[in-house]
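Please read the structure below before turning to the comments.
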Amino acid sequence: MQCTIRSISPVGNYLHLILDAPEVDEVAPGHFAAVAVGGIGGGMLLRRAFSIHKSTPGQTLEIIFAAHGQGTQWLATQSAGDVIDVIAPLGKPFVLPRQPISCVIVAGGYGAAPMELLARELRGRGCRVDVVLGAATQEKLFGVLDLKGVADSVIVTTDDGTSGVRGRVTDVLADVINKNKSQAVYACGPMPMLQAVAKVSQDNGAFSQCAVEESMACGIGVCMTCVLPVIGDDGVTRMSRSCVDGPVFRGDRVRWDDVHTVPSDAFGAPRPGGH
Amino acid sequence: MQCTIRSISPVGNYLHLILDAPEVDEVAPGHFAAVAVGGIGGGMLLRRAFSIHKSTPGQTLEIIFAAHGQGTQWLATQSAGDVIDVIAPLGKPFVLPRQPISCVIVAGGYGAAPMELLARELRGRGCRVDVVLGAATQEKLFGVLDLKGVADSVIVTTDDGTSGVRGRVTDVLADVINKNKSQAVYACGPMPMLQAVAKVSQDNGAFSQCAVEESMACGIGVCMTCVLPVIGDDGVTRMSRSCVDGPVFRGDRVRWDDVHTVPSDAFGAPRPGGH
Amino acid sequence: MSVDLTTSLGSLQLAAPTLTASGCAAAGKELAQFGDVSTLGAVVTKSIMMAPRSGRATPRMAETPSGMLNSIGLQGPGIESFLENDLAWLRANNVTTIVSIAGNNVDEFGELARILAKVEGVDGLEVNISCPNVESRGQVFACNPVSAAQVIETVRSVWHSDAPVLAKLSPDVTDIVEIAHSVVDAGVDGVSMINTLLGMVIDVDQMKPMLGGRTGGLSGPAIRPVAVRAIYQVHAALPHLPILGMGGIRTGHDALEFIAAGASAVSIGTVVFGDPGAPWRIANELGQELQSRGYNSLSEVVGLAHHN
Amino acid sequence: MSVDLTTSLGSLQLAAPTLTASGCAAAGKELAQFGDVSTLGAVVTKSIMMAPRSGRATPRMAETPSGMLNSIGLQGPGIESFLENDLAWLRANNVTTIVSIAGNNVDEFGELARILAKVEGVDGLEVNISCPNVESRGQVFACNPVSAAQVIETVRSVWHSDAPVLAKLSPDVTDIVEIAHSVVDAGVDGVSMINTLLGMVIDVDQMKPMLGGRTGGLSGPAIRPVAVRAIYQVHAALPHLPILGMGGIRTGHDALEFIAAGASAVSIGTVVFGDPGAPWRIANELGQELQSRGYNSLSEVVGLAHHN
Ligand SMILES: Cc1cc2nc3c(=O)[nH]c(=O)nc-3n(C[C@H](O)[C@H](O)[C@H](O)COP(=O)(O)OP(=O)(O)OC[C@H]3O[C@@H](n4cnc5c(N)ncnc54)[C@H](O)[C@@H]3O)c2cc1C
Ligand SMILES: Cc1cc2nc3c(=O)[nH]c(=O)nc-3n(C[C@H](O)[C@H](O)[C@H](O)COP(=O)(O)OP(=O)(O)OC[C@H]3O[C@@H](n4cnc5c(N)ncnc54)[C@H](O)[C@@H]3O)c2cc1C
Ligand SMILES: Cc1cc2nc3c(=O)[nH]c(=O)nc-3n(C[C@H](O)[C@H](O)[C@H](O)COP(=O)(O)O)c2cc1C
Ligand SMILES: Cc1cc2nc3c(=O)[nH]c(=O)nc-3n(C[C@H](O)[C@H](O)[C@H](O)COP(=O)(O)O)c2cc1C
Ligand code: FES
Ligand code: FES
């Protein structure tokens with residue numbers, strides 16, 4: 001889908017991209033968009049994946065991104081009126097509760113991008129929503145004000161103490177869960193954060209859903225690059241594709257310690273003596 | 001050299017690019033500029049060569065180009081304020097006469113780009129300057145009005161007759177030479193045109209200089225891709241580099257029929273029975 | 001008048017000239033949201049092995065200039081599940097299907113061929129000999145004319161089907177024509193070329209190879225000139241051998257290069273990752289490229305660059 | 001405190017880690033307008049042959065995705081003129097010089113080495129065995145361990161100089177480690193790798209190969225993962241063998257990959273065409289990459305990716 005850029009503007013250390021996207025209908029929180037980068041004669045074949053920040057069905061799509069490596073640096077040089085190629089929405093979004101339960105949203109850095117949308121959905125279902133946002137430093141926080149406008153409470157943490165509580169999101173998470181009797185935790189951010197969030201949630205009796213970030217080549221389930229070990233309903237660990245089976249997984253199902261490896265008990269794992 | 005684009009605007013089928021080029025001093029007619037294309041993460045390694053159309057020393061550099069393949073198409077998407085990387089001036093320019101002789105300038109399509117500058121130099125030396133400009137069709141003509149402002153006469157030819165005389169530049173060249181007793185012919189354009197111009201000039205007693213267009217990888221004399229068979233002062237044919245030994249060569253020294261081959265009498269040519 | 005884009009690989013007639021490359025479209029299902037998979041020349045499935053296989057540790061890919069490295073390690077469900085789920089889906093959707101097989105040793109290739117020869121819906125077999133031979137110090141079958149031929153002979157001996165058998169060749173050899181000759185002598189109906197080139201990217205922060213599998217396969221437009229050269233060489237040596245060409249095809253213009261070099265059809269691989277509609281787009285573009293040059297059919301162009 | 005970027009190739013001490021790649025900087029003179037050539041690790045000259053040589057017909061190049069093909073065909077003035085003009089200029093300008101030689105047959109390599117062993121100003125010899133052997137049906141010397149070793153033995157037997165002899169290896173082989181072993185056994189002091197990969201582009205308008213020489217050598221960032229892999233493999237097998245690495249290096253970050261894989265120094269080739277100042281820029285960038293990671297010297301990083 002060819003999307004014209006409506007605007008691209010800095011927010012803290014990130015860029016906020018608003019795209020014309022007449023072909024995109026409903027987007028659920030946790031869906032991602034895959035953006036082609038590099039333009040004419042470009043040497044970058046693979047799309048870049050970004051959580052969808054917001055969307056107006058049939059009209060716009062928004063993402064928040066960090067100019068990081070070559071592809072996102074290229075994206076940062078684009079301006080209003082330029083046209084980029086986008087596939088969206090992709091992936092399995094967060095699963096929303098049927099009951100009006102008490103929820104916590106936890107996000108690190110640009111992991112907050114999809115969380116305003118999620119908070120609105122949860123509130124729309126009558127859920128209580130408490131938010132914990134963290135980042136290394138103030139400029140890398142995203143969405144604090146927006147989430148304050150939706151959530152029942154927002155706590156901010158930064159590693160360097162430049163905003164909110166000095167420390168990590170997981171330093172405050174247990175308290176938030178216990179204080180609000182939260183039953184579900186929704187998380188998006190770096191993998192080590194997700195691992196810690198999943199553990200704290202479980203330790204405190206809450207169910208967690210984590211949107212993981214694995215390097216993806218295709219984003220549509222055909223290449224098998226984006227896998228991580230996830231335990232299925234049958235108790236068997238499979239190398240699951242984060243692009244189509246995720247990016248949202250149950251926190252208690254991801255084998256966090258074994259990410260980037262193939263656990264020896266995984267389905268189809270090499271056996272001693274060869275395959 | 002990083003050059004900011006001042007403006008990029010269409011002229012007929014071409015684009016006129018004006019660059020800030022504070023580092024460029026004197027430019028002589030026939031010099032070329034080598035422009036890097038593709039930008040961040042780009043897959044195009046090689047620069048594109050363009051005749052320098054005009055320059056204001058220490059200030060600007062101008063080129064006229066056709067959006068043709070991938071690199072020039074990319075260049076066409078750039079806009080004022082964008083920064084491109086340029087090496088200039090390169091190559092050996094046209095050799096100017098010491099005497100105020102009668103000259104003809106012949107150009108095909110964007111081959112006219114360097115010719116206004118040349119015409120001014122020649123007029124500045126007291127030369128008579130007659131011009132023949134040709135193209136396949138009217139939109140592919142360049143520089144007609146500008147050259148009319150400088151030259152003693154301008155004749156236009158188009159293959160399809162949409163402007164001026166229907167036909168080729170060489171259909172009128174002999175007449176121009178004879179009428180004006182021209183001693184020197186300066187030419188720039190497609191190789192077949194140059195070949196014909198060189199012949200007509202020689203047949204009519206004029207000395208010709210032709211700016212050739214050979215595919216170049218480096219543009220600075222290190223790679224040996226841009227060669228063509230040229231007869232030296234010693235009568236020996238060598239595979240000469242058009243980027244540093246040219247792009248301007250004497251029309252009577254280029255072995256036009258043998259371009260794209262290695263003539264068997266060229267210096268270092270394969271001998272029967274191996275090298 | 002539109003150009004006739006039908007073609008064939010040995011006895012297999014193809015309604016369209018573009019196929020998916022093995023490992024770049026899984027078993028076709030995921031592409032269905034981007035186009036009608038039954039209108040492709042064929043789906044070439046991800047190489048299937050006897051047993052389920054988890055593949056290698058991640059990271060499994062690294063983007064490289066105009067290309068990528070992958071070290072998937074043939075993750076797959078094993079032949080049984082493949083027949084039940086993947087092949088069943090392909091049959092139900094009328095998809096022309098070329099099944100790619102890979103074995104750890106010669107016998108496994110034979111076993112897979114024996115099983116596949118008996119089932120419906122297998123329109124062709126692509127034998128991926130570009131995988132390591134665990135019995136021969138991990139050397140890749142396709143890198144040795146003898147082991148390449150052994151695999152093909154074994155497959156051929158149990159392949160009681162009319163569907164063509166293609167050998168998938170690796171470019172990582174001194175003389176690809178020698179390998180082509182050996183698999184032809186062993187009885188293949190055609191060859192698929194090229195598989196990926198062995199490559200490596202180093203993560204200089206962690207100071208170790210970036211991929212979990214250390215080395216990986218280089219694919220994409222970066223390797224296209226190597227693919228065209230290999231196809232040109234093999235077609236020159238074996239002009240009647242059907243070739244399924246692949247390696248960095250991005251546009252119809254690229255596809256035309258492969259056809260002119262000697263391929264009868266092309267597979268689209270890595271480019272699908274960036275543009276899932278590419279197999280259909282490229283077929284259209286190829287039609288236009290042929291038409292604008294005044295050709296009436298794809299078949300008249302196969303190998304044409306050898307005649308000028 | 002700045003990083004120590006000095007390095008060595010066998011007995012040759014290099015003041016800087018970046019060299020020019022053979023054929024990509026002529027004999028250095030043309031680069032002088034872009035930087036001080038004497039501050040480069042060395043200039044590796046365009047491969048010189050005994051006789052003057054016109055090279056191949058044009059077109060001699062085709063741009064490809066993140067790379068290019070060339071079929072220059074070793075155009076050059078012959079050894080006599082080279083000594084008189086090119087080497088004289090290099091000496092006069094205090095340029096560390098590695099002379100690359102190429103022969104049509106084994107004897108010619110010996111002849112060239114005999115001549116060069118006697119002259120001043122040759123700091124190293126790079127033996128380009130990646131050219132066709134006219135005595136052996138045009139097969140490239142470097143594609144066969146026996147002919148590769150023959151060339152090196154012949155060169156070695158007349159090389160009465162302390163300057164190191166490097167063999168330039170081709171990646172177009174099934175097993176590059178085997179070739180490396182054979183040239184080491186024949187007496188090289190180090191290897192340069194990689195030369196270009198054989199490739200082809202077809203001009204689909206003229207329906208024939210685009211290059212005058214039909215096939216050409218693929219270079220540039222497109223091939224970088226192949227180069228890194230080859231260097232990694234050879235360093236793993238022969239950890240004490242000095243390696244001059246090349247193949248698509250564009251930045252200091254790329255150069256660091258090569259060093260980490262096992263190269264002691266790097267040559268900058270194709271990238272010079274787009275950025276003539278690249279050899280100097282990349283040396284600077286390499287220093288910064290090392291510094292930002294806390295290393296004090298280049299030498300401590302050579303081969304480091306093998307230890308993690
Ligand atoms: C589901 C999902 C959602 C994401 N949401 C966001 C977001 O909202 N905002 C944001 O800034 N970033 C997000 N990311 C990360 C973003 O995709 C990477 O930062 C980006 O791909 C890096 O590209 P590059 O051009 O900067 O780096 P390069 O180094 O040029 O990338 C090279 C290749 O590696 C892949 N890659 C590199 N880093 C990552 C990474 N961290 N995660 C995944 N792939 C990577 C790239 O996609 C590309 O294929 C998300 C990633 C995933 C998987
Ligand atoms: C000395 C000189 C002066 C020139 N002056 C002008 C000018 O004033 N205006 C203008 O529009 N064009 C000019 N050209 C031609 C211009 O360089 C090519 O049109 C351009 O390089 C094509 O690039 P592309 O990206 O469109 O094509 P691509 O097909 O992407 O080019 C691929 C490669 O081939 C080379 N190449 C392709 N076509 C040509 C060609 N015709 N000549 C040389 N190299 C080619 C490119 O430089 C590039 O390296 C000049 C060429 C030379 C050598
Ligand atoms: C992620 C990935 C997985 C692949 N898996 C297989 C495979 O299972 N079997 C196989 O024969 N080839 C496999 N290939 C190779 C492709 O089929 C193809 O031969 C190669 O990538 C070159 O084509 P391309 O440049 O168009 O991708 C794979 C390639 C990629 C990129
Ligand atoms: C135009 C050109 C000419 C070359 N000529 C030679 C040569 O004469 N001798 C040689 O050993 N290698 C030659 N090479 C190969 C390079 O030295 C280098 O090994 C190869 O291009 C890979 O490095 P790169 O990708 O940085 O260019 C040439 C390469 C190019 C592009
Ligand atoms: S990214 Fe290709 S399967 Fe997930
Ligand atoms: S373009 Fe490289 S020598 Fe002329």
Side-chain angles (χ1 to χ4, degrees), chain A residues 1 34-38 41-49 69-71 85-87 89-90 191 212-230 236-245 258-271 273-275, chain C residues 20 23-31 33-34 46 49-78 81 103-105 108 134-135 138 210-212 216 219-222 248 250 269-277:
Chain A
M1 164 181 67
V35 177
V37 292
M44 294 180 280
L45 296 179
L46 306 175
R47 288 172 187 265
R48 273 43 179 178
Q70 261 190 346
D85 192 274
V86 179
I87 301 179
L90 291 171
M191 297 294 271
V212 303
E213 183 178 309
E214 274 292 332
S215 191
M216 295 177 177
C218 74
I220 58 166
V222 297
C223 76
M224 302 287 164
T225 63
C226 61
V227 301
L228 73 178
V230 178
V236 175
T237 298
R238 289 183 183 76
M239 298 304 289
S240 298
R241 294 165 297 181
S242 59
C243 64
V244 288
D245 303 324
D258 298 322
V259 166
H260 291 312
T261 72
V262 175
S264 58
D265 59 343
F267 184 69
R271 309 263 161 69
H275 252 283
Chain C
T20 62
C24 301
K29 203 180 193 165
E30 290 83 356
L31 278 195
Q33 53 182 313
F34 301 100
K46 169 91 189 151
M49 303 192 72
M50 281 301 292
R53 179 139 156 154
S54 62
R56 286 188 177 155
T58 58
R60 289 181 173 183
M61 76 102 178
E63 196 182 42
T64 68
S66 297
M68 66 174 279
L69 283 185
N70 87 79
S71 66
I72 307 299
L74 297 177
Q75 177 167 349
S81 158
N104 286 303
N105 51 47
E108 245 181 76
V134 298
E135 285 172 348
M210 168 110 53
L211 299 181
S219 62
R250 194 175 199 163
T270 306
V271 162
V272 168
F273 302 162
D275 178 10

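A heavy-atom distance below 4.5 Å is not found between the side chains of C:Arg56 and A:Val262.
Counting heavy-atom pairs closer than 4.5 Å to chain A, the top-ranked of the candidates C:Gly212, C:Cys24, C:Pro65 is C:Cys24. Residue with the most contacts toward chain A among C:Thr20, C:Thr58, C:Ile72: C:Thr58 (heavy-atom pairs, distance under 4.5 Å). For the set C:Glu30, C:Glu63, C:Gln33, the count of heavy-atom pairs under 4.5 angstrom toward chain A peaks at C:Glu63.
If you measure heavy-atom distances from C:Thr64 to chain A, the contacts under 4.5 Å come from the backbone alone. For a residue to count as touching a neighbouring chain, one of its non-hydrogen atoms must lie under 4.5 Å from one of that chain's; by this rule C:Arg250 touches chain A with the side chain only. With a 4.5 angstrom heavy-atom cutoff, A:Ile87 touches chain C only via side-chain atoms. Contacts between A:Ala36 and chain C at a heavy-atom distance below 4.5 Å are absent for every atom of the residue.
Rounded to the nearest 0.5 angstrom, A:Leu45 CG and C:Ser219 OG are separated by 8.0 Å. Here the straight-line distance linking atom CG of C:Asp275 with atom CZ of A:Arg47 works out to 6.5 Å at 0.5 Å rounding. Between the OG atom of C:Ser66 and the CE atom of A:Met44 there is a distance of 9.5 Å, given to the nearest 0.5 Å. Note that SG of A:Cys223 is 9.0 Å distant from NZ of C:Lys46, once rounded to the nearest 0.5 Å.
The minimum heavy-atom distance between C:Ala26 and A:Gly221, with the atom names listed, is CB-O, 4.2 Å. Between A:Phe267 and C:Ser54, the shortest heavy-atom contact is O-CB, 3.4 Å.
For A:Thr237, the side chain to side chain contact (heavy atoms under 4.5 Å, CB included) partners are A:Pro229, A:Ile231, A:Arg255, A:Pro263, A:Ala266, not counting sequence neighbours.
With hydrogens and angles ignored, the 3.5 Å screen pairs no side-chain donor or acceptor of C:Gln75 with any backbone N or O of A:Met224.
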Using the rule given for side-chain contact (heavy atoms from CB on, under 4.5 Å), can you reason through C:Phe273 versus A:Val222, listing the C-alpha separation, both sets of side-chain angles and the distance that settles it, and then say yes or no? CA-CA 8 Å; C:Phe273 302 162; A:Val222 297; 3.9 Å; yes
Trace of the side-chain contact (heavy atoms from CB on, under 4.5 Å) decision for C:Met61 with A:Leu46: CA-CA 11 Å; C:Met61 76 102 178; A:Leu46 306 175; 3.6 Å; yes
Could you walk me through whether A:Ile220 and C:Leu31 pass side-chain contact (heavy atoms from CB on, under 4.5 Å), step by step? CA-CA 8 Å; A:Ile220 58 166; C:Leu31 278 195; 4.0 Å; yes
